[in-house]
Protein chains: 2
Amino acid sequence: MKDHIKNMAEVLKSLGDEKRLKIIKILASNIDEAFCVSDIAQQLGISQPATSQHIKVLKNVGILEENRRGFRVFYTINSDVLAEYKKDIDELFKKAFQRCQYNFSCDKCPYNNKYQ
Amino acid sequence: MKDHIKNMAEVLKSLGDEKRLKIIKILASNIDEAFCVSDIAQQLGISQPATSQHIKVLKNVGILEENRRGFRVFYTINSDVLAEYKKDIDELFKKAFQRCQYNFSCDKCPYNNKYQ
DNA sequence: TAAGTGTATAAGTATTATCTTATACAGATC
DNA sequence: GATCTGTATAAGATAATACTTATACACTTA
């Protein structure tokens, strides 16, 4: 996995924005289809297009899914994807960010190449 | 905690960059003071000033600590801070990103305000 | 079919990031 | 003190983000 760290950076970057965190929080903490895009925009205090663009970022990494209902669009969190990313983050912290457990004998380390 | 989500966004943003993830990875997976700033720059394939600037971002959120040795500077990971952030991320995923466990009775939810 | 509602995309602007080179600064060594 | 090594900061170029308004698009309803 050559670009694993690159993918992780992309995911973390998508989450590294206040508005986008709030979008996830709003969608997660309410029943499905409680708020459409315009509702969310209002809660964020930004325009509807700006909101759509933030949603697009989260959709691109698979965290959000589109559910069209007539001329409205509701977004839901793909919990599986989010859980997968959480696992990746766990592993990143555990394996890449933690002191070497192989006494710096990199040839013995199974993670040597994964996070380069 | 009014800006908790804002702080989380800042931390995630600091981690949401390939070069910065690599800096952490390099520092974590080698013995202390193995590589100075210029060494890291070379490994990243960017200039020394660019590297210093990335380091500054990580230092600003407390993840890195400066250790001057003569005219060289070595950076080490503040594991406590990093562990703290990991806990925050865990909590973020568990509490803010997970379906409401209070049946959407927000007045009963202890996290109602924390992630707004 | 025409009008209405809501969303995505286009286009443009402002802000922020990321890099570069040049230079100032800190400390070691001659 | 003068010079050397390495790092941080300054200044500036370029690119990427994040917003805005305008408009195209999808769908509903009269």
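Computed from a predicted structure; not experimentally measured. Quick note on labels: first sequence line is chain A, next is B, and so on, each numbered from 1.
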Every protein N/O within reach of nucleotides 14-16 of chain C N/O, cut-off under 3.5 Å:
none

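Around the CD atom of B/Gln42, the shell of radius 6.0 Å holds no more than 12 heavy atoms that belong to other residues, nucleotides or ligands.
Salt-bridge annotation for A/Glu18 and A/Lys22: present, with a side-chain N of the basic residue lying under 4.0 Å from a carboxylate O of the acidic one.
Using a 4.5 Å cut-off on side-chain heavy atoms (C-beta onward), B/Asp88 and B/Val11 make no contact. Looking at B/Phe93 and B/Glu91, their side chains never come closer than 4.5 Å, going by heavy atoms from C-beta outward. At least one side-chain heavy atom of B/His54 sits less than 4.5 Å from a side-chain heavy atom of B/Ile46. Between A/Ile40 and A/Leu27 the shortest side-chain heavy-atom distance falls below 4.5 Å. Taking 4.5 Å as the limit, every side-chain heavy atom of B/Val73 sits out of range of all side-chain heavy atoms of B/Ile55.
DNA chain D is contacted by A/Ser47, A/Pro49, A/Ala50, A/Gln53, A/His54 of residues 47-56 of chain A, taking any non-hydrogen atom closer than 4.0 Å. Scanning residues 58-77 of chain A for heavy-atom distances under 4.0 Å to DNA chain C yields A/Phe71, A/Arg72, A/Val73, A/Tyr75.
The distance from atom CG of B/Leu21 to atom NZ of A/Lys6, rounded to the nearest 0.5 Å, is 12.5 Å. Rounded to the nearest 0.5 Å, atoms NZ (A/Lys94) and NZ (B/Lys86) are 9.5 Å apart. In this structure, A/Asn30 CG and A/Lys25 NZ are separated by 8.0 Å, a value rounded to the nearest 0.5 Å. A/Met8 contributes atom CE, which lies 5.0 Å from atom CD1 of A/Ile89 (distance to the nearest 0.5 angstrom).
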What pairs of donor and acceptor atoms, side-chain ones from residues 57-67 of chain A against any protein atom, are under 3.5 angstrom apart with sequence neighbours left out?
| from | atom 1 | to | atom 2 | distance (Å) |
| --- | --- | --- | --- | --- |
| A/Lys59 | NZ | A/Glu66 | OE1 | 3.0 |
| A/Asn60 | ND2 | A/Lys56 | O | 3.4 |
| A/Glu65 | OE2 | A/Asn78 | ND2 | 2.9 |
| A/Asn67 | OD1 | A/Thr76 | OG1 | 3.0 |

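In this structure, the CD atom of B/Glu18 is 15 Å from the C1' atom of C/dC19, given to the nearest Å.
A donor-acceptor pair under 3.5 Å is absent between the side-chain atoms of A/Asn7 and the main chain of A/His4, judged by distance alone. Formation of a donor-acceptor pair under 3.5 Å by the B/Arg68 side chain with backbone atoms of B/Gly70 is found in this model. Panel note: side chain A/Arg20, backbone A/Ser14; a donor-acceptor pair is recorded below 3.5 Å.
Here the range on DNA chain D touched by chain A, meaning any atom under 4.0 Å from one of its heavy atoms, is D/dT17 to D/dT28.
Helix-axis bend for the helix from C/dT1-D/dA30 to C/dC30-D/dG1: the local axis fitted to the five terminal pairs at one end deviates from that at the other end by 10°, rounded to 10°.
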